[in-house]
Amino acid sequence: MFSTHAQWINRLGLVIIFVVAALIIASRFHLLPGLQPVATILYTWVLLLAAFALLLGIASVAWVHLGHIQGGEAEWGLSLILLIGLLGVFAIGILSPVGANSPLIEWVFDALIAPGQASLFALTGFFVVAAAYRYLRVDRPDAIWILVGALLALLIQTPLSQQLLPPIFTGLTDWLLVWPVMAALRGALLGGALAVLIVGLRLLARGGNPRP
Amino acid sequence: MTSTFGCPHCGKGNPIDALFCAFCGTRLQDVETSLREQQDQQGGEAADEDLPEDAPILPPRPARRLRGHATRPSPPQERKIDDPPDPEPGSSGLHRPPLRADTSFSKPPSSTEDPVRSAAPTPTDRADLSIPSSSEVPNDVDPAELAAWLERFPQPNPLSTPMLSDETRRQLRQLFVSEVPLAEILPHEARSDGGGLQRRTWIYWLLLAVLGFALLFGDEAPETLPHVWPGVGGAYAAINTLPTGSTVLIDWAYDPATAGEMDQVARPVIEHLIAQNADLIVISQLPLGPASARRLIAAAETSVWGEITAQRLDATLVEGGFLPGGAATLPLLGQAPALGLPVDLQGRSAEIRPPLQTLTEDGPALALVISAQFEPVQRWLEQVQPLNQTPTLAITSAAAAPPLRPYLDSGQLAGLVSGYNGGIGYRQLLLRPLARAEQIPLWRQIRGHNSALIVLLIVLVIGNLALSLERRSL
Amino acid sequence: MTPFSSPLPPFWDHLGVVVGFLLSLAIFSFILRDTWLVRLAQYLLVGVSLGYAAVIAWQSVLWLRLFRPLLDAARPTFPPTMDALWLYWAPLGLGLILWLAGIDALRGSIAGRPSPLRRGLRLLAILPMGILAGVAVGVGIAGAIQGTLLPQFLRGADLGLPAGPPGFLIMGMLTLLITTGALIHLQVGKVAAVEWKLPNFLLSILNGWRWIGERALWLAAGFLFAQLFTSRITLLIARLEYFLFDLRASELWIWLSARVGGGP
């Protein structure tokens, strides 16, 4: 947190994290009576602080790009475009009594944001096919299994191939999805939850000791 | 413990594929490059005696011609690295001299494992490499010369280098004496055409052409509908059994980026809810979510009632707005909805908006998480459902569905509708005939997916053919 | 006003069609090369999206939930049992500290000898940051246990044990085997004799167990890839539909076609 400052400052931060997290956990598991209103207040604070932090983050982006413009760095013109877009939309929204529901902001959403974002994400369709060309090759056991699973799912799901295959393949693929694949993913979910638990508990156990 | 080699500047151990020394910051690639240039200026490969005493060790030049193989070295991930014989004990250190070309070894390693990463060092081994015996070293390298040359360089600090097993030492040696992997891992400059990361323009054009052709030609209905994965029936039943006027809480977790797919999945479900006269309370943890929700719900209203007015939309939809904070703020919706949604987006409180009051007093009758990703659904199931025990449906993109199967199996999710095929399957259950203008986009999706599958199969065949050709050329 | 009715003149609709088309085309030109056009479109998109997000954050959260209740004391919007001090003034103070410290941080590092005010501000900012982090850690742990670990563990055990549903015993045991095998593979990896100091037969069993879980995970990865492919192709098809059909249905296109075709 403050790598150039005294250790007690870092320790103070960790203590705050520890206390707050402990309150939340105790409230969720009803370990102590009367904690639910405290937890509710904390959630409300986080909701508002998150909005403050979001605005601060956006201001940080604007600050960085302003620095690019002032420093005449490469592609400063693009930074200027970004700033103009950001400040323009923000000004229109703040000055309008209805905020984001104002006609101009709605126009920006429909004319710029929606088509732009949709196009950006549509490009990933190309990359997925390119990734299949590069990585779904039968030179490694893992790739073979991945290829088998992918082909089964796609051939059954796509109408063109589904009508060419016997119905037993459909039943087999459904069974695979509902049982073995689901079981493996359950293992992955449990592993992920355990990781979250261990990392969180380790952080709490350190609370007060910045170094393990 | 990963395999390491010593930094030429400070001698400390670094991972084998490190670009910079973790201790002194020396760019390990630059040192190699500058010394190669020095060797080139001196005319060909420098003799050992020409190297300065403190010169860092370079891995040998890539072999110009391996025995019976092509001249150009293959990419690192596809190279067959020959397996050198095991060394004798009594090694001198991690540093290795540049051996000459045409070194040859015996058998290749297993192709299933990365030989470096899978090696487990023995805790009791010393941190030094052994020099191969005279019978193991190729004929054109004199072991005595090798040993003499090695002794000129400082030994690594045994406290800073890890203890390596024989297997690890063998694998490190094969990296240094065979084709140089480090030279292959040099960072590439970003190409102005976006290349460097598997840019396959022919694939893009093939996909574009096939999809464009499939969409442009033919407006007839497809013969078969896509297969629908399990879970759709449960979602339909959960909504169908809702009493009229029920309050449904919706977490709208997608924005225009994924609206191309999510609108197709969510719309029949929203139409069903509207037909059931449910009161929809929509919140979103994405800034662009509320606007996306408003547009889709308005379109669904038009489909169901044939017209849309501001009053009707307002009667159906309570916009809870944007809820920042991720998982940290979701518990408010389960634990204290009055504080989570004190007013709607227009600033009207629960007294004016009865659904908000119902939410506070009785909780929602049903919860929907409409998400393009898997994480928002998991967040809801972890943060809200344990607090209010409300039946929850997940309406997701196709990509987000498989990791949610365990939650469907455990009963935490009452239903799961995913992908364009899930949307089509759900619409089939609605038994509400669609106008032709509404059907045509669905037909196009089906035709497009049929064509995309053909492209994928072609690409897979070509990809594997390319693999076999690459193998043969080696 | 509904999303389908706009008080703006029709010119704005036409302008929106043109702007949307040009922006989409610029982004799609990435297929050819990563040019300045693509970057221009991306920067513009990022700028307006951030501006929109800022408006939403202000309007939907800070104004409606904090500043307006503070200014409009005649109409309280919270249950009467909650104290305004805890609900509004405290988070307002924390938020302002966060803002001021953040803006100060943007100005530069406080290494060396900064003023006491700056040092104090940075110190105070520990409180809102600690609260944010603490709540995140707390809900993360509690949610992982309540929402994933316990239900999934109990369901897995329920299926695999003899006391589970009778018709699913074999499938349940297979499921349990695969689930635990996947967990072993992800958490432990290959069980090596030198690390675990177990008898050989036990090592063989564990590695076999892990082998099953690993293969099941690979198969699951294949299904995941298939669904990812489906999802992304759906997005691509929807976007191509926009280019090939939706644009042609716009009033601007119809007007242009009529002009080019020699119509009135």
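Chain letters run A, B, ... following the sequence lines, proteins first and then strands; every chain starts at 1. Values in this document were obtained by computation on a predicted structure and should not be read as measured data.
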Residue among A:L185, A:I84, A:L55, A:I105 with most heavy-atom pairs under 4.5 Å to chain C
A:L55
Note, A:I94 side chain near C:W58 side chain (heavy atom, < 4.5 Å)
yes
Given a strict heavy-atom distance threshold of 4.5 Å, which part of C:I56 is in contact with chain A: side chain, backbone, both, or neither?
side chain
Measure C:L224 against the heavy atoms of chain A and call it side chain, backbone, both or neither at under 4.5 Å.
side chain
Interface moiety of A:V199 toward chain C, non-hydrogen atoms closer than 4.5 Å:
neither
Student check: side-chain heavy atoms of C:W36 and A:E75 closer than 4.5 Å:
no
I'd like to check A:I58 versus A:F90 (side-chain heavy atoms, cut-off strictly below 4.5 Å). Are they in contact?
no
Under 4.5 Å heavy-atom distance to chain A, tell me which part of C:I131 shows up: side chain, backbone, both or neither.
both
Heavy-atom contact with chain A under 4.5 Å, split by part of C:E214
neither
Report the option among C:L132, C:V17, C:I233, C:L22 that has the most heavy-atom pairs separated by less than 4.5 Å from atoms of chain A.
C:L132
If one checks every heavy atom of A:L201 against chain C at 4.5 Å, the contacting part turns out to be both
Nearest 0.5 Å, please: how far is CD1 in C:I126 from CD1 in C:I97?
11.5 Å
Assert top hit (heavy-atom pairs under 4.5 Å, partner chain A, pool C:A136, C:G51, C:P128) equals C:G51
Side chain from CB out, backbone as N, CA, C, O: work out which of these in C:L15 comes under 4.5 Å of a heavy atom of chain A, or both, or neither.
both
Side chain of C:T179, backbone of C:L176: donor and acceptor closer than 3.5 Å?
no
Trace of the side chain to side chain donor-acceptor pair (under 3.5 Å) decision for C:R239 with A:S119
CA-CA 6 Å; C:R239 211 60 207 143; A:S119 300; 3.1 Å; yes
Using a 4.5 angstrom heavy-atom cutoff, name the option from C:A216, C:A226, C:A238 with the most pairs to chain A.
C:A226
Check each atom of A:V46 against the heavy atoms of chain C and say whether the ones under 4.5 Å are side chain, backbone, both or neither.
both
Nearest-0.5 Å distance, CZ of residue C:F243 to CZ of residue C:F21
6.5 Å
Heavy-atom cut-off 4.5 Å, strictly under: side chain, backbone, both or neither for C:A54 against chain A?
both
Checked C:I103, C:V18, C:V46, C:V139 vs chain A; the most non-hydrogen pairs under 4.5 Å come from C:V139
If the plane angle is over 60° it's perpendicular, under 30° parallel, otherwise tilted; pick one for A:W45 and C:W86.
parallel
Of the listed residues (A:L82, A:I92, A:L83, A:L194), which shares the most heavy-atom pairs with chain C below a 4.5 Å separation?
A:L82
So do the side chains of C:L159 and C:R155 get within less than 4.5 Å of each other, counting heavy atoms only?
yes
Could you tell me which of A:L147, A:L197, A:T44, A:L123 has the largest number of non-hydrogen atom pairs under 4.5 Å with chain C?
A:L123
Taking side chain as C-beta onward, heavy atoms only, is A:V20 less than 4.5 Å from A:L42?
yes
Taking every non-hydrogen pair under 4.5 Å, which of A:L152, A:L120, A:T158, A:L54 racks up the most with chain C?
A:L120
Using atom types as modelled and distance alone, determine if a side-chain donor or acceptor of C:Q59 lies under 3.5 Å from a backbone N or O of C:L64.
no
Can you say whether C:L174 sits under 4.5 Å from chain A via the side chain, the backbone, both, or neither, judging by heavy atoms?
side chain
Would you confirm whether C:S24, through its side chain, and C:G20, through its main-chain N or O, come within 3.5 Å as a donor-acceptor pair?
yes
Counting only non-hydrogen atoms closer than 4.5 Å, does C:Q152 touch chain A with its backbone (N, CA, C, O), its side chain (CB onward), both, or neither?
both
Is A:R140 salt-bridged to A:D142, cutoff N-O under 4.0 Å?
yes
Counting heavy-atom pairs under 4.5 Å with chain C, the top scorer among A:F109, A:F126, A:Y43 is A:F126
Do the rings of A:H65 and A:H68 sit parallel, tilted or perpendicular, given the 30° and 60° boundaries?
perpendicular
Contacting region of A:A91 [heavy-atom separation from chain C under 4.5 Å]
neither
Is C:L45 close to chain A through its backbone or its side chain, or both, or neither, when contacts mean heavy atoms under 4.5 Å?
side chain
Chain A: which of C:I212, C:T180, C:L228, C:L149 shares the most heavy-atom pairs with it under 4.5 Å?
C:L149
So which part of A:I24 gets closer than 4.5 Å to some heavy atom of chain C, the side chain, the backbone, both or neither?
side chain
Interface check, chain C: of A:L48, A:V89, A:L78, most non-hydrogen pairs under 4.5 Å belong to A:L78
A side-chain contact here means heavy atoms from C-beta on lying under 4.5 Å apart; do A:F169 and A:D174 qualify?
no
As an exercise: rank C:G147, C:G213, C:A142 by heavy-atom pairs under 4.5 Å with chain A and give me the winner.
C:A142
Do C:L127 and A:I16 have side chains that approach each other closer than 4.5 Å (heavy atoms only, starting at C-beta)?
yes
Okay, C:L98 and chain A: the region with an atom under 4.5 Å from a heavy atom over there is both
Are A:Q157 and C:T230 packed together at the side-chain level, in the sense that at least one heavy-atom pair is separated by less than 4.5 angstrom?
yes
Engaged part of C:A53 at the chain A interface, taking heavy atoms whose separation is under 4.5 Å:
both
Region of A:A132 that comes under 4.5 Å of a non-hydrogen atom in chain C
both
Where on A:Q117 is there a heavy atom nearer than 4.5 Å to chain C: the side chain, the backbone, both, or neither?
both
From A:L86 CG over to A:I81 CD1, what is the distance, rounded to the nearest 0.5 angstrom?
13.0 Å
Proximity breakdown for C:Y52 and chain A, heavy-atom pairs closer than 4.5 Å
both
